[in-house]
Amino acid sequence: MENGIVNMANELDPGKIELAVLYLSKQGEMASRLPLRTREFILGKRPGFDLSLVPKIAHVLSSFRPDIVHTHNLGPLIYVSLSRPFTDLNFRLVHGEHASMTVKDMLPKKRFQRAILYSTCDLLHTVGMAMTQEFACSGLTTRKIYTLSNGVGTERFSPPSSKASLRRGYLGDVWPGGPVVLLVGRFGPYKGHTLLLDAFRDFGSESKDAMLVFVGGGGELESSIRALAHGHPFSDRIFFTGFKQDPLPYYQMADLVVVPSENEGLSNCILESMSCGTPVITYDSCGAHELVGENERGFLLKNNDPEMLSLIIKEVLRMPPRKLESISIAAREFVCQHFSIQSMRRNYSKVYTNYCRAVDTQVFLTEGR
């Protein structure tokens with residue numbers, strides 16, 4: 001979600017749109033990638049629901065006086081909606097959902113919250129077609145839901161000239177010389193790190209020089225997953241990079257990227273991997289099918305079973321190079337055609353400019369959990 005906000009902020013025309021970003025808690029790691037012209041407000045949210053944020057947000061909104069407020073996911077929408085009556089503003093409220101709904105999201109309290117809050121929005125959108133269909137069928141709103149798909153910079157995220165040199169440069173002596181299997185993401189409960197570690201017990205015994213690389217940091221499960229990796233029978237072939245501002249070289253060096261998340265919207269990780277021509281195995285969650293198809297541009301995991309994941313990984317690693325290359329080429333061509341950063345810019349710009357006649361439209365983005 002944060003990556004999508006940063007990408008979009010950098011693509012919008014600074015001559016037409018003035019941007020501000022509101023951090024509910026603290027400035028994130030990706031904030032340094034925002035355009036220099038961006039105004040930033042940090043509110044220092046305390047753990048749990050923090051009612052003190054309501055007057056703070058009202059004050060910031062009254063100071064910046066945006067034409068459009070664009071909230072991302074439910075938490076920021078709650079706070080902005082509570083703050084709105086304490087201002088004299090008549091801004092347009094655009095709301096985006098970035099992940100499919102979990103079991104917790106379907107509980108009566110959460111459903112009631114969404115139904116009430118969605119009725120106050122001027123526009124609702126998701127980041128993928130499958131996700132739009134899911135929300136449209138949820139009964140949470142009667143209004144039309146739009147799709148504003150994520151995009152990737154395909155010129156930058158491109159196939160490498162040499163995987164081996166990247167591995168030597170970024171992994172050094174820890175690389176055992178075999179295939180590299182990659183997972184990119186923070187250590188949250190739905191990201192699937194444990195599933196991949198369990199699968200590695202099997203395919204790691206067959207591919208004795210295969211290596212797992214985890215790119216990312218943060219999340220409530222990081223310490224427990226690191227502990228599981230430390231006690232793993234192939235712990236010497238598991239490598240943690242920590243958070244990386246730029247994961248590009250890791251996508252390029254990998255033989256395979258695994259995205260076993262259970263509730264994605266339209267995964268940037270999948271898009272970036274496909275753009276680099278690196279094959280992807282992904283859990284058949286919301287949005288994955290529209291990207292990889294029926295094993296045309298990647299590989300679908302139908303259930304979160306470590307044995308099944310291990311079986312697919314072994315099949316992919318055994319594939320003839322020509323077959324794997326054809327899948328990689330198809331994946332990159334598909335992303336270049338349908339999910340470029342340029343198409344993302346056009347879609348967001350159209351939404352923002354359609355809501356305001358003024359040339360100097362002000363857009364307020366909220367980020368938080």
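Worth saying up front: this structure is predicted, and the values here are computed from it rather than measured.
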Test of understanding: clusters of I, L, V, M, F, W, Y form through side-chain heavy atoms closer than 4.5 Å, transitively. Do [X] and [Y] belong to the same one?
X	Y	result
Y190	L228	no
L256	M308	yes
L12	Y146	yes
I116	M101	no
I329	L324	no

### Query
Can you list the steps and then say if R186 with E29 is a salt bridge (Lys or Arg N to Asp or Glu O under 4.0 Å)?
CA-CA 12 Å; R186 63 192 298 271; E29 297 278 3; over 6 Å; no

If you draw a 6.0 Å radius around [atom1] in [X], do more than 12 non-hydrogen atoms from other residues or ligands fall strictly inside?
X	atom1	value
E315	CD	yes
F86	CZ	no
E296	CD	yes
H232	NE2	yes
Q133	CD	no
M129	CE	no
D236	CG	yes
E206	CD	yes

Donor-acceptor under 3.5 Å ([X] side chain, [Y] main chain):
X	Y	answer
S162	S165	yes
S62	A58	yes
Q27	I42	no
N73	G75	no
T282	V259	yes
S273	C269	yes
S310	E307	no
R237	G204	yes

### Message
Let's go through S275 and T154 carefully: what are the C-alpha distance in whole Å and the side-chain angles of both, what is the deciding distance for side chain to side chain donor-acceptor pair (under 3.5 Å) to 0.1 Å, and is it a yes or a no?
### Response
CA-CA 6 Å; S275 186; T154 53; 5.2 Å; no

### Task
Pick out which of K110, R114, R111 makes a salt bridge (charged side-chain N to carboxylate O under 4.0 Å, His left out) with D105.
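Per the salt bridge (charged side-chain N to carboxylate O under 4.0 Å, His left out) rule, the option paired with D105 is R114, out of K110, R114, R111.
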
With rounding to the nearest 0.5 Å, note down the distance linking [atom1] in [X] to [atom2] in [Y].
X	Y	atom1	atom2	answer
R46	L51	CZ	CG	9.0 Å
F299	M319	CZ	CE	3.5 Å
E11	I17	CD	CD1	12.0 Å
L34	L19	CG	CG	8.5 Å
L317	I312	CG	CD1	12.0 Å
I145	S138	CD1	OG	6.0 Å

Considering all heavy atoms of both residues, which atom of [X] and which atom of [Y] are nearest to each other, and what is their separation?
X	Y	answer
T147	G128	CG2-C, 3.6 Å
V21	T38	CG2-CG2, 3.8 Å
S119	R143	O-NH1, 3.8 Å
L74	E97	N-OE2, 4.3 Å
S267	L291	O-CD1, 4.4 Å
F91	I68	CB-N, 4.3 Å

### Task
Assess whether side chain to side chain contact (heavy atoms under 4.5 Å, CB included) is satisfied between L77 and L93, documenting all intermediate values.
CA-CA 9 Å; L77 178 59; L93 181 55; 3.8 Å; yes

### Verdict with reasoning, D255 to K163, per salt bridge (Lys or Arg N to Asp or Glu O under 4.0 Å)
CA-CA 9 Å; D255 294 281; K163 288 183 181 290; 5.5 Å; no

### Task
Could you go through the side chain to side chain contact (heavy atoms under 4.5 Å, CB included) check for N7 and R33 one step at a time?
CA-CA 9 Å; N7 287 342; R33 290 171 46 207; 3.0 Å; yes

### Task
Tell me, with the steps shown, if F243 and Q245 meet side chain to side chain contact (heavy atoms under 4.5 Å, CB included).
CA-CA 7 Å; F243 175 80; Q245 281 277 6; 4.0 Å; yes

### Query
Could you walk me through whether Y79 and F49 pass the ring-ring contact (aromatic ring centres under 6.0 Å, His included) check?
CA-CA 9 Å; Y79 284 111; F49 181 71; 5.2 Å; yes

Would you mind telling me which of [options] makes a side-chain contact (heavy atoms from CB on, under 4.5 Å) with [X]?
X	options	answer
V127	N150, L148, T132	N150
V69	L61, D122, V94	L61
V257	V215, T278, L183	T278

### Query
What class does the angle between the rings of Y118 and H95 fall in, given that below 30° is parallel, 30 to 60° is tilted and above 60° is perpendicular?
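Tilted.
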
### Message
Angle between ring planes, H125 versus H70, binned at 30° and 60°: parallel, tilted or perpendicular?
### Response
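Perpendicular: the ring planes of H125 and H70 meet at over 60°.
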
### Task
Give the C-alpha distance, both sets of side-chain angles, the deciding distance and a yes or no for salt bridge (Lys or Arg N to Asp or Glu O under 4.0 Å) between K45 and D50.
CA-CA 6 Å; K45 176 183 172 295; D50 186 356; over 6 Å; no

### Task
Is it possible for you to check whether R226 lies under 6.0 Å from the centre of the six-membered ring of F240, through NZ or CZ, and within 45° of that ring's axis?
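Judged by the rule, R226 and F240 form a cation-pi pair.
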
Flag the pair [X] / [Y] as yes when at least one side-chain heavy-atom distance between them is below 4.5 Å, and no otherwise.
X	Y	value
V174	M211	yes
V258	L195	no
P76	L24	yes

### Residue pair D246, R156: steps toward the salt bridge (Lys or Arg N to Asp or Glu O under 4.0 Å) verdict
CA-CA 11 Å; D246 184 12; R156 182 166 178 271; 2.5 Å; yes

### Message
Test side chain to side chain contact (heavy atoms under 4.5 Å, CB included) on R332 and S158; report intermediate values, then the result.
### Response
CA-CA 8 Å; R332 175 163 171 79; S158 58; 4.1 Å; yes

